[in-house]
Amino acid sequence: MLKLDLRTVLRIRGIVQPYRFLREQGFTHNIAQKLISGKARHCTYAHIERLCKVLLCTPNDLMTWKPDKNEPYPDNLPLRALMKKPQIFDVTEETRKLPLEEMIHFQEKAADWLKEEKTPHR
């Protein structure tokens with residue numbers, strides 16, 4: 001079954017108040033609640049596009065696929081790429097546990113890494 005998995009992306013982005021975040025991005029009360037709960041039966045392309053813009057992601061990042069246990073699927077089925085792997089490291093949670101000095105060091109290392117990533121490689 002193909003589903004919208006907004007909670008995972010929100011957690012990775014460190015958004016601790018998903019409902020408030022979505023409302024601030026212009027989503028209605030009903031849509032925000034359905035998106036967060038995972039109970040949205042459908043989602044418009046406009047909603048998906050807005051989510052991708054504010055979360056800096058692609059539609060694939062928002063989707064997850066879980067195979068039906070009673071149905072065989074070929075190994076090369078492209079939908080398998082949407083099967084979510086368990087998150088092994090929650091950056092937001094782990095950095096909250098760091099002493100201030102280590103957090104400053106972590107931020108410096110992260111800033112250096114981001115600069116390297118943005119620098120065109122020759």
Side-chain angles (χ1 to χ4, degrees):
M1 172 186 283
L2 189 61
K3 286 179 63 176
L4 186 69
D5 181 21
L6 190 56
R7 283 183 168 270
T8 299
V9 177
L10 292 169
R11 187 174 56 249
I12 290 170
R13 287 282 179 208
I15 297 167
V16 294
Q17 295 181 324
Y19 174 79
R20 183 178 182 175
F21 173 79
L22 291 177
R23 292 289 288 146
E24 288 171 352
Q25 302 307 317
F27 289 92
T28 65
H29 166 78
N30 274 349
I31 296 297
Q33 279 194 320
K34 287 179 182 178
L35 290 173
I36 293 166
S37 70
K39 294 180 181 177
R41 292 185 173 226
H42 65 277
C43 193
T44 68
Y45 290 127
H47 290 152
I48 293 171
E49 181 178 8
R50 188 172 339 150
L51 288 168
C52 289
K53 285 178 180 178
V54 300
L55 295 169
L56 299 173
C57 66
T58 69
N60 275 7
D61 297 324
L62 299 174
M63 306 301 289
T64 186
W65 180 70
K66 186 175 182 180
D68 195 355
K69 291 180 182 177
N70 300 325
E71 191 171 337
Y73 297 97
D75 289 339
N76 65 345
L77 183 69
L79 276 175
R80 289 188 183 278
L82 296 179
M83 292 174 72
K84 295 293 183 199
K85 296 168 184 71
Q87 188 178 350
I88 58 170
F89 186 76
D90 185 338
V91 174
T92 306
E93 184 61 33
E94 293 302 319
T95 55
R96 280 191 188 124
K97 299 174 188 174
L98 292 175
L100 184 58
E101 190 174 311
E102 288 181 26
M103 184 59 195
I104 292 168
H105 182 68
F106 178 83
Q107 288 176 333
E108 290 168 350
K109 291 288 188 188
D112 290 345
W113 179 76
L114 288 171
K115 285 178 195 170
E116 288 176 18
E117 288 296 308
K118 291 180 181 178
T119 304
H121 299 285
R122 295 178 188 209

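We number each residue from 1, following the sequence as shown.
- Residues passing the side-chain contact (heavy atoms from CB on, under 4.5 Å) test with Thr95, sequence neighbours excluded: Val91, Leu98, Met103, Phe106.
- Here Arg11 contributes atom CZ and Asp5 contributes atom CG; the two are 7.5 Å apart, rounded to the nearest 0.5 Å.
- Residues passing the side-chain contact (heavy atoms from CB on, under 4.5 Å) test with Leu2, sequence neighbours excluded: Met63, Trp65, Leu79, Leu82.
- Taking all atoms of both residues into account, the shortest heavy-atom contact from Lys3 to Gly38 is CE-O, 4.3 Å.
- Among residues two or more places apart in sequence or in another chain, the side chain to side chain donor-acceptor pair (under 3.5 Å) test is passed with Thr58 by Asp61.
- Linking Ile, Leu, Val, Met, Phe, Trp and Tyr whenever their side-chain heavy atoms come within less than 4.5 Å leaves Ile12 and Leu10 in two separate clusters.
- At least one donor-acceptor pair under 3.5 Å links the side chain of Arg13 to the backbone N or O of Leu56.
- Judged as a salt bridge (charged side-chain N to carboxylate O under 4.0 Å, His left out), and not counting sequence neighbours, Arg41 has no contacts.
- With values rounded to the nearest 0.5 angstrom, Gln33 atom CD is found 11.0 Å from Leu22 atom CG.
- The hydrophobic cluster of Met1 has no other members, since no ILVMFWY side-chain heavy atom comes under 4.5 Å of it.
- Heavy atoms only, all atoms of each residue included: Ala32 and Arg23 are closest at CB-CD, 4.2 Å.
- Nearest heavy-atom pair across Pro59 and Cys52 is N-SG, 3.4 Å.
- In terms of modelled atom types and a separation under 3.5 Å, the side chain of Arg80 and the main chain of Pro74 share a donor-acceptor contact.
- Judged as a salt bridge (charged side-chain N to carboxylate O under 4.0 Å, His left out), and not counting sequence neighbours, the contacts of Glu93 are Arg96.
- Val54 is connected to Ile31 through a chain of hydrophobic side-chain contacts under 4.5 Å among Ile, Leu, Val, Met, Phe, Trp and Tyr, so both are in one cluster.
- In this structure, Leu100 belongs to a hydrophobic cluster whose other members, linked by side-chain heavy atoms under 4.5 Å apart, are Ile104.
- Taking hydrophobic clusters as Ile, Leu, Val, Met, Phe, Trp and Tyr residues chained together by side-chain heavy-atom distances below 4.5 Å, Ile48 shares a cluster with Ile36.
- The side-chain contact (heavy atoms from CB on, under 4.5 Å) search around Lys66 returns none, not counting sequence neighbours.
- Connectivity analysis of hydrophobic side chains (ILVMFWY, heavy atoms under 4.5 Å, direct or indirect) links Val16 to nothing; its cluster partners are none.
- To the nearest 0.5 angstrom, Cys43 atom SG is 6.0 Å from Leu51 atom CG.
- Contacts classified as ring-ring contact (aromatic ring centres under 6.0 Å, His included) and involving residues 31-57 (residues at least two apart or in different chains) are given here: Phe27-His47.
- Taking the side-chain contact (heavy atoms from CB on, under 4.5 Å) definition, one finds that Ala110 meets it with nothing, sequence neighbours left out.
- With sequence neighbours excluded, the residues that form a ring pair (Phe, Tyr, Trp, His ring centres under 6.0 Å) with Tyr19 are His29.
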